[in-house]
Amino acid sequence: DAMTDSASSPKGPMHARVLFLLLVGFPLITSNEQRLVQIQVIVRHGSRKQLSKSADTLEEGSSGLTPTGEKQMYDLGSWLRERYSGQDFSLSYDASQVLIESSPFGRSVVSAQSLALGLFPASSRNATGETLLPADVTPANIPVFTKKDENDIYIRAYANCPAFHAALQEFYTTDSFQDYHTQNLLLLTKLGERESLSAYTVITDSLRRIVPVYNVWNAFDAINVAKTECNPPSRAECASLEDPDIRDFLTAVEWDQLQRLAHSVEHEKYGVGIAGSKLGANILHQIRDRMQSSALTPWFIYSGHFATILGIFSALDVYALNEATLGQETIPNYGSALIFEVYEATGSGRRSVQLFFKEGLQNGVVQLTLPPEFCDSTSCALENFSKYVESRVDIADSQQWCSACQNSEADVCILAQSQNNSNTCDNNESESSAMIAVSFVMGVVLGVLLLLGGAFIYTCFKNSKSTPKRSSSSDRKSSPPDDKNQMDASLPASIVLEEAKGDSVIGELDDVDLGRV
C-alpha cells in the first residue's frame, strides 16, 4: 500500500523528473566546462637606459635593458607561470606550442628572453632531460622572432605610420595642446634650466628657455629612469647615467605634476581621437586570427612598448569602457601586461575570450570588460569578440593599413602598391582594348553605311539617266499618230537615230536625249 500511495501521489512524477535531470542533465552541464586553451600576452619591456624620442616621427635613440629591467621581466614570467600553474595548461616549453615575437630593439628582445626565463625555467625546457651544457646553465633554446623595424606594422605600427605622425604635428598646433603649455609654464621653465635637458629646450619670444610640451616626455623619461635605477643610489647602473642627480631635481609636487602632464599628453597622442584604430588594427587582427585557428597554439607572447598597449586600448576603446577599473590614464609601466585568455567548451567546442591587464609588477591584475551588447561582464564569445573588433577597427587588412597610414616603405606596402599599379595597368589595357574594339566595330558599320549610301546614290543617278522622258499631252495632240510614227515607236532607238540622221550616229545611247528625238 505504501508503494502504491507513493507512486500515485503527486510527488512520484516530480521525483522521476529530478532523477532524469540528475542522470541526463548533469553530463550536459559538465560537458560545457570551460577549459583554458590559449594565452596571448602583450608586454611592455622592462626598465632601460634613458633614450631620446622625436616628437614628430617618434624615432628613438638606442637604449639597452638594465639589470633592473631583466629582473622585472623575469618576475613577470614567474608570475605568469604561477598564475596558470593550477590549470590544465602546458607550462613546459615546446617549439610547436610557444611563439615569442618582439620589436627589433635590444631592450624588447632581452625583455622577451628574461620573461621566458621566468615562465619556462630550465626544468621545463628540455623534454628529454639531455643537455651538454653545464648543470647550472639554462638552455638558450627559446627563440625570439623579430621583423626589420620598417616592416614591423604590428608591435611598432605607431612608428611606421606617417599619417599618424602628421596627425601629431597637427595636434601640437591645437588650442587644447597650447592649454598644456599655459597651465604648466612654470614647470616647463624649471625643466628648461637643467643642463642635461638642454637638447629638448627652446627659447620663447620672451627669451625664456623652456622644455616645450611636445618634448616633455623626454624630460619625464630622464627623471623616471634616474628614479628607477638609482634606488639605491649606490648601484652601478645609477652611476652610469648621464645625470643621476636629476632624480631629486623636482619637488614631490612638481614630480607629480610632471607625471600627470606626460601621461595626459601621451594618452591623447595615442588615444581614440588621434590614433583611432591605426596603431592597433594589425596586431588585433593577428590576435583574433590566432584565436580562431583550428589548431590552437597555446602561447603567444609579444614583447613591445607602452605605445603597443595604448594602440590596442585605443582600437578597442578600453579606457572608456573601464574607467572605474583603470582609474586615471597612465603610461603603462615597465613590465605591464595585457592578457587575452581563450577558453573552449569541452562539449560544444565554442570559444570565449577574457581580457586582463596588469599595470607593472607593483599592481595586481584586473579584468577588463567590453561592451555589453557584445559581451557579458566576465567573458565574450569569440564570434562576438570578432564582431566587436570589426565594429571598432575600420581597417580590414594590411593593404588598407598601408593606405590609411600612407606607408610606402614596408615590404607589405610596397607589394600592395605594386599590385595596385598592376591592376591599374590591367584595367587601362582592358579599357583600351574595349575602346579599340568598339571603334573598330563602329568603323566597320560606318563604312558599310557609306558604301550602301554610295551604291544607292549611284543607282539613283544611273536610273535617272537611263529612263526616257515622257511627252506632254499637248505634244501628243499636235502630232497626230500615223503608221510611220507607230512603226518608229516600235523600233530600237539606234535604228530611229540612224533613220533620222542618215548613216551618221551622233552618240552612244546613254548620251542621247531620247526625249528630243
Side-chain angles (χ1 to χ4, degrees), residues 34-45 73 76-77 79-85 87-91 93-103 108 111-112 115-116 118-120 142-147 152-157 277 279-316 318 332 335-344 350-359 365-370 375 378-386 388-390 392-393:
Q34 297 293 311
R35 183 173 64 91
L36 181 64
V37 292
Q38 186 184 76
I39 301 168
Q40 298 197 45
V41 188
I42 303 93
V43 302
R44 183 190 179 188
H45 57 75
M73 300 311 293
L76 178 60
W79 177 84
L80 287 169
R81 184 174 182 83
E82 181 180 356
R83 175 176 173 82
Y84 299 109
S85 61
Q87 304 191 40
D88 181 19
F89 195 77
S90 174
L91 292 174
Y93 175 73
D94 183 324
S96 65
Q97 304 293 302
V98 180
L99 179 62
I100 303 179
E101 297 172 295
S102 171
S103 72
S108 302
S111 289
L115 184 149
L119 180 57
F120 301 110
I142 299 183
V144 176
F145 296 91
T146 67
K147 300 179 184 294
D152 187 357
I153 65 173
Y154 299 93
I155 296 175
R156 274 176 50 84
S277 63
L279 312 186
N282 292 330
I283 192 170
L284 265 177
H285 287 318
Q286 187 177 64
I287 289 170
R288 180 200 58 190
D289 292 345
R290 287 171 170 176
M291 291 176 177
Q292 295 174 334
S293 173
S294 57
L296 284 177
T297 298
W299 281 102
F300 286 103
I301 298 171
Y302 312 80
S303 183
H305 309 264
F306 77 78
T308 309
I309 296 175
L310 291 185
I312 297 174
F313 277 4
S314 176
L316 293 179
V318 166
S336 291
L338 177 62
I339 306 169
F340 292 86
E341 295 179 353
V342 181
Y343 293 83
E344 187 173 274
R350 295 191 65 182
R351 296 173 185 170
S352 60
V353 182
Q354 295 184 25
L355 185 59
F356 298 88
F357 181 58
K358 181 174 175 58
E359 207 286 311
V365 63
V366 296
Q367 185 164 11
L368 303 178
T369 60
L370 296 176
C375 312
T378 59
S379 183
C380 190
L382 180 53
E383 58 268 27
N384 290 340
F385 174 76
S386 180
Y388 178 60
V389 171
E390 292 173 1
R392 286 286 310 171
V393 179

Checklist entry - Does the side-chain contact (heavy atoms from CB on, under 4.5 Å) test come out yes or no for Phe385 and Leu355, once each step is laid out? => result CA-CA 11 Å; Phe385 174 76; Leu355 185 59; 5.9 Å; no
Identify each donor-acceptor pair in which a side-chain atom of residues 306-313 lies under 3.5 Å from a protein atom, sequence neighbours left out, and give them as a table.
| from | atom 1 | to | atom 2 | distance (Å) |
| --- | --- | --- | --- | --- |
| Thr308 | OG1 | Ile155 | O | 2.7 |
| Thr308 | OG1 | His305 | N | 3.2 |
| Thr308 | OG1 | His305 | O | 3.4 |

Between [atom1] of [X] and [atom2] of [Y], what distance do you get to the nearest 0.5 Å?
X      : Y      : atom1 : atom2 : result
Ser336 : Ile42  : OG    : CD1   : 12.0 Å
Arg351 : Glu344 : CZ    : CD    : 5.0 Å
Ile39  : Phe356 : CD1   : CZ    : 10.5 Å
Phe120 : Ser90  : CZ    : OG    : 7.0 Å
Trp79  : Leu115 : CH2   : CG    : 10.5 Å
Lys358 : Leu338 : NZ    : CG    : 13.5 Å

Checklist entry - Got Val98 and Leu119 here, is their nearest side-chain heavy-atom distance under 4.5 Å? => result no
Checklist entry - Does some side-chain heavy atom of Tyr302 sit less than 4.5 Å from a side-chain heavy atom of Gln286? => result yes
Next on the checklist: Under the criterion side-chain contact (heavy atoms from CB on, under 4.5 Å), I'd like the reasoning laid out for Gln38 against Phe340: C-alpha separation, chi angles, the key distance, then a yes or no.
Outcome noted: CA-CA 8 Å; Gln38 186 184 76; Phe340 292 86; over 6 Å; no
Next on the checklist: Before you tell me yes or no, could you show the steps for Leu80 and Ile339 under side-chain contact (heavy atoms from CB on, under 4.5 Å), namely the whole-Å CA-CA distance, both residues' side-chain angles and the distance that decides it to 0.1 Å?
Outcome noted: CA-CA 10 Å; Leu80 287 169; Ile339 306 169; 4.2 Å; yes
Of all residues at least two apart in sequence or in a different chain, which pass the side-chain contact (heavy atoms from CB on, under 4.5 Å) check with [X]?
X      : value
Ser277 : Ala315, Val393, Asp394, Ile395
Gln97  : Asp94, Pro298
Ala157 : Trp401

Checklist entry - Which of these passes side-chain contact (heavy atoms from CB on, under 4.5 Å) with Val353: Leu370, Ile287, Leu382? => result Leu382
So which heavy atom on [X] is nearest to which on [Y], and how close?
X      : Y      : answer
Leu91  : Ser85  : CD1-CA, 3.4 Å
Gln354 : Gln367 : OE1-NE2, 3.5 Å
Ile100 : Ala112 : CG2-CB, 3.8 Å
Gln292 : Ser386 : NE2-OG, 3.5 Å

Checklist entry - Has Asp289 got more than 12 heavy atoms of other residues, nucleotides or ligands less than 6.0 Å from its CG? => result yes
Checklist entry - Would you say Gln87 has more than 12 foreign heavy atoms packed within less than 6.0 Å of its CD? => result yes
For [X], enumerate each residue passing the salt bridge (Lys or Arg N to Asp or Glu O under 4.0 Å) test, keeping only those at least two apart in sequence or located in another chain.
X      : result
Arg156 : Glu60, Asp149
Glu101 : Arg290
Glu390 : Arg288

Checklist entry - With sequence neighbours left out, what residues match Phe89 under ring-ring contact (aromatic ring centres under 6.0 Å, His included)? => result Trp299
Checklist entry - Does Tyr388 have any ring-ring contact (aromatic ring centres under 6.0 Å, His included) partners at least two apart in sequence or in another chain, and if so, which? => result Phe374
Checklist entry - Okay, side chain of Thr146, backbone of Ser102: is any donor-acceptor separation there less than 3.5 Å? => result no
Those residues that, when tested against [X], pass side chain to side chain donor-acceptor pair (under 3.5 Å) (two or more places apart):
X      : value
Tyr84  : Glu341
Arg392 : none
Gln34  : Ser352

